[in-house]
Asker: 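Attaching a single structure in structure tokens format; questions to follow.
Reckoned from all heavy atoms, side chains included, excluding hydrogens, waters and symmetry mates.
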Amino acid sequence: MTLPSFFLIRKGREVKKIHHLAWDAFVAGTKVAQEQGLYGAGQDLLKDSFAGNVRGMGPAVAELEFEERPNEPFLFFAADKTDPGAYNLPLYLAFADPMYNSGLLLSPSMNKGFRFIIMDVAYTEGDRIIELNAPEETYDIAALLRDNQRFVIEGIYSRNNGEIAVSVSTTRLHNIAGKYTGKDDPVMLVRVQGAFPATGEVLAPFNIGHYVAGFMREAITGPLMPVRMNSGISYFDGPPVVCCQAFCVHQGKLTEPADAFDHPLLGMGEKQSVPKGDGHQAAGLLRSFDASLQ
């Protein structure tokens with residue numbers, strides 16, 4: 001497949017052809033890894049054959065459906081060694097906190113705020129969804145999102161125009177499985193500019209290096225470190241990391257991505273994350289047991 005055709009997207013969510021392409025890519029990668037004797041090859045594929053789409057089959061899925069604006073920029077986030085709750089705080093700050101998003105105060109296109117779609121991932125009988133509006137229910141949103149192992153953002157919508165702004169690969173998959181399957185290596189799509197936060201307003205909260213579930217066997221909480229593309233995982237099978245690619249789409253065709261975290265100022269997030277991670281390592285078993293009990 002050539003690069004131009006790879007970045008040509010189709011309309012609608014859960015398009016079988018696109019999901020099948022993704023599944024074939026995972027299977028092909030698994031085959032190569034198995035031939036090389038690599039550890040854990042295919043461990044995140046929970047099914048043996050494609051069944052229409054990849055939801056519930058292991059890989060993380062985030063999809064957006066919208067009418068394309070004349071200028072349609074968006075961000076693609078991918079994290080490792082953590083779960084979808086890692087995005088709770090950055091999204092809360094970008095979409096509900098005027099200290100991070102001045103557009104909430106200054107932009108008429110955001111003055112009504114945003115609607116948060118939050119999933120209770122600990123409820124295994126079905127999808128328990130909670131919808132809350134910012135700014136009126138900001139405290140309620142914060143009260144839920146602080147428990148990022150249970151209440152996790154699934155989507156965010158503009159209250160000015162009703163359009164979707166965010167899609168997170170939030171599922172109950174690792175809870176439904178009934179056994180340890182790892183976390184979800186979560187991905188996220190965020191539309192930016194115009195009626196949504198600016199690109200920098202979405203990126204800025206990741207510089208905090210806030211604590212998330214992660215590291216070895218996800219048994220220890222650690223700082224989420226923003227990294228450049230193709231950064232490896234090593235130290236104590238971590239730390240929890242997140243990368244970001246910036247795209248624009250026009251007439252259904254994507255631009256080539258820009259590495260949104262390849263910036264000297266965002267490198268400060270990496271520097272802040274290292275001592276935070278070392279501090280939690282030094283806490284030893286007490287920290288591990290605390291994370292497990294939560």
Asker: Does the side chain of Met188 reach to within under 4.5 Å of the side chain of Leu91, using non-hydrogen atoms?
Answerer: yes

Asker: Is there a side chain to side chain donor-acceptor pair (under 3.5 Å) between Gln149 and Asp83? Walk through the geometry before answering.
Answerer: CA-CA 8 Å; Gln149 296 290 283; Asp83 58 23; 2.8 Å; yes

Asker: Show the numbers, then the answer: is there a side-chain contact (heavy atoms from CB on, under 4.5 Å) between Phe206 and Phe261?
Answerer: CA-CA 10 Å; Phe206 288 92; Phe261 284 149; 3.9 Å; yes

Asker: Taking only residues two or more places apart in sequence, or in another chain, which ones meet Asp97 in a side-chain hydrogen bond (donor to acceptor under 3.5 Å, both in side chains)?
Answerer: none

Asker: Between Phe116 and Tyr157 (judged by ring centroids, cut-off 6.0 Å), do the two rings come close enough to count as a pair?
Answerer: no

Asker: I'd like to know whether Leu89 forms a side-chain contact (heavy atoms from CB on, under 4.5 Å) with Asn148, so could you lay out the CA-CA distance, the side-chain angles of the two residues, the decisive distance to 0.1 Å, and finally the verdict.
Answerer: CA-CA 9 Å; Leu89 179 62; Asn148 59 18; over 6 Å; no

Asker: For Gly209 and Pro223, which heavy atoms make the closest approach, and how far apart are they?
Answerer: O-CB, 3.3 Å

Asker: Mind checking whether Val121 and Thr170 have side chains closer than 4.5 Å, heavy atoms only?
Answerer: yes

Asker: Give me the atom names and distance for the closest heavy-atom approach of Pro240 to Ala213.
Answerer: CG-O, 4.3 Å

Asker: Are Asn101 and Met110 packed together at the side-chain level, in the sense that at least one heavy-atom pair is separated by less than 4.5 angstrom?
Answerer: yes

Asker: Under a single-linkage definition using a 4.5 Å side-chain heavy-atom cutoff for Ile, Leu, Val, Met, Phe, Trp and Tyr, are Phe66 and Phe76 assigned to the same hydrophobic cluster?
Answerer: yes

Asker: Would you call Arg228 and Asp262 a salt bridge, using N to O less than 4.0 angstrom?
Answerer: yes

Asker: List the atom of Ala96, the atom of Pro98, and the distance in Å for their closest heavy-atom pair.
Answerer: O-CD, 3.6 Å

Asker: Kindly state each residue pair satisfying ring pair (Phe, Tyr, Trp, His ring centres under 6.0 Å) with at least one member in residues 82-111, sequence neighbours excluded.
Answerer: Phe95-Phe114

Asker: Would a 4.5 Å heavy-atom cut-off, applied to side chains only, mark Met119 and Asp127 as touching?
Answerer: yes

Asker: Please evaluate residues Val241 and Lys81 with respect to the criterion side-chain contact (heavy atoms from CB on, under 4.5 Å), reporting the C-alpha separation (whole Å), side-chain torsions for both, the decisive distance (0.1 Å), and the verdict.
Answerer: CA-CA 7 Å; Val241 298; Lys81 301 305 174 186; over 6 Å; no

Asker: Looking at every heavy atom in both Val152 and Asn88, which two are closest together, and how far apart are they?
Answerer: CA-OD1, 3.7 Å

Asker: Is the CZ atom of Arg146 crowded by more than 12 outside heavy atoms at less than 6.0 Å?
Answerer: no

Asker: So do Phe26 and Asp24 actually touch side chain to side chain, heavy atoms under 4.5 Å?
Answerer: no

Asker: I'd like to know if the side chain of Ser109 and the backbone of Gly194 have a donor-acceptor N/O pair within less than 3.5 Å.
Answerer: yes

Asker: Between Leu145 and Ile118, is there a side-chain heavy-atom distance shorter than 4.5 Å?
Answerer: yes

Asker: For side-chain contact (heavy atoms from CB on, under 4.5 Å), just list the numbers for Ile117 and Ile129, CA-CA rounded to whole Å, side-chain angles, deciding distance to a tenth of an Å, and then say yes or no.
Answerer: CA-CA 7 Å; Ile117 311 300; Ile129 302 297; 3.5 Å; yes

Asker: With a sphere of 6.0 Å drawn around CD of Glu67, does it hold more than 12 non-hydrogen atoms of other residues, nucleotides or ligands?
Answerer: no

Asker: Would you name the heavy atoms of Gln193 and Ala198 that are closest together and state the gap between them?
Answerer: OE1-CA, 3.4 Å

Asker: Quick check: closest heavy atoms across Ser169 and Ala62, and the distance to 0.1 Å?
Answerer: N-CB, 4.2 Å

Asker: Mind checking what makes side-chain hydrogen bond (donor to acceptor under 3.5 Å, both in side chains) contact with Glu163, not counting sequence neighbours?
Answerer: Arg191

Asker: Are Leu38 and Val27 connected in a single hydrophobic cluster, I mean Ile/Leu/Val/Met/Phe/Trp/Tyr linked by side-chain heavy atoms less than 4.5 Å apart?
Answerer: no

Asker: Scan residues 135-145 for pairs that pass side-chain hydrogen bond (donor to acceptor under 3.5 Å, both in side chains), counting only residues two or more places apart or in two chains.
Answerer: Glu136-Arg159

Asker: My understanding is that only residues two or more places apart in sequence, or in another chain, count here; which of them pass side-chain hydrogen bond (donor to acceptor under 3.5 Å, both in side chains) with Thr30?
Answerer: none

Asker: Side chains of Cys244 and Leu203: closer than 4.5 Å at any heavy-atom pair?
Answerer: yes

Asker: Under the ring pair (Phe, Tyr, Trp, His ring centres under 6.0 Å) rule, collect the residues that match up with His20, sequence neighbours excluded.
Answerer: Phe50

Asker: Mind checking whether Glu68 and Val249 have side chains closer than 4.5 Å, heavy atoms only?
Answerer: yes

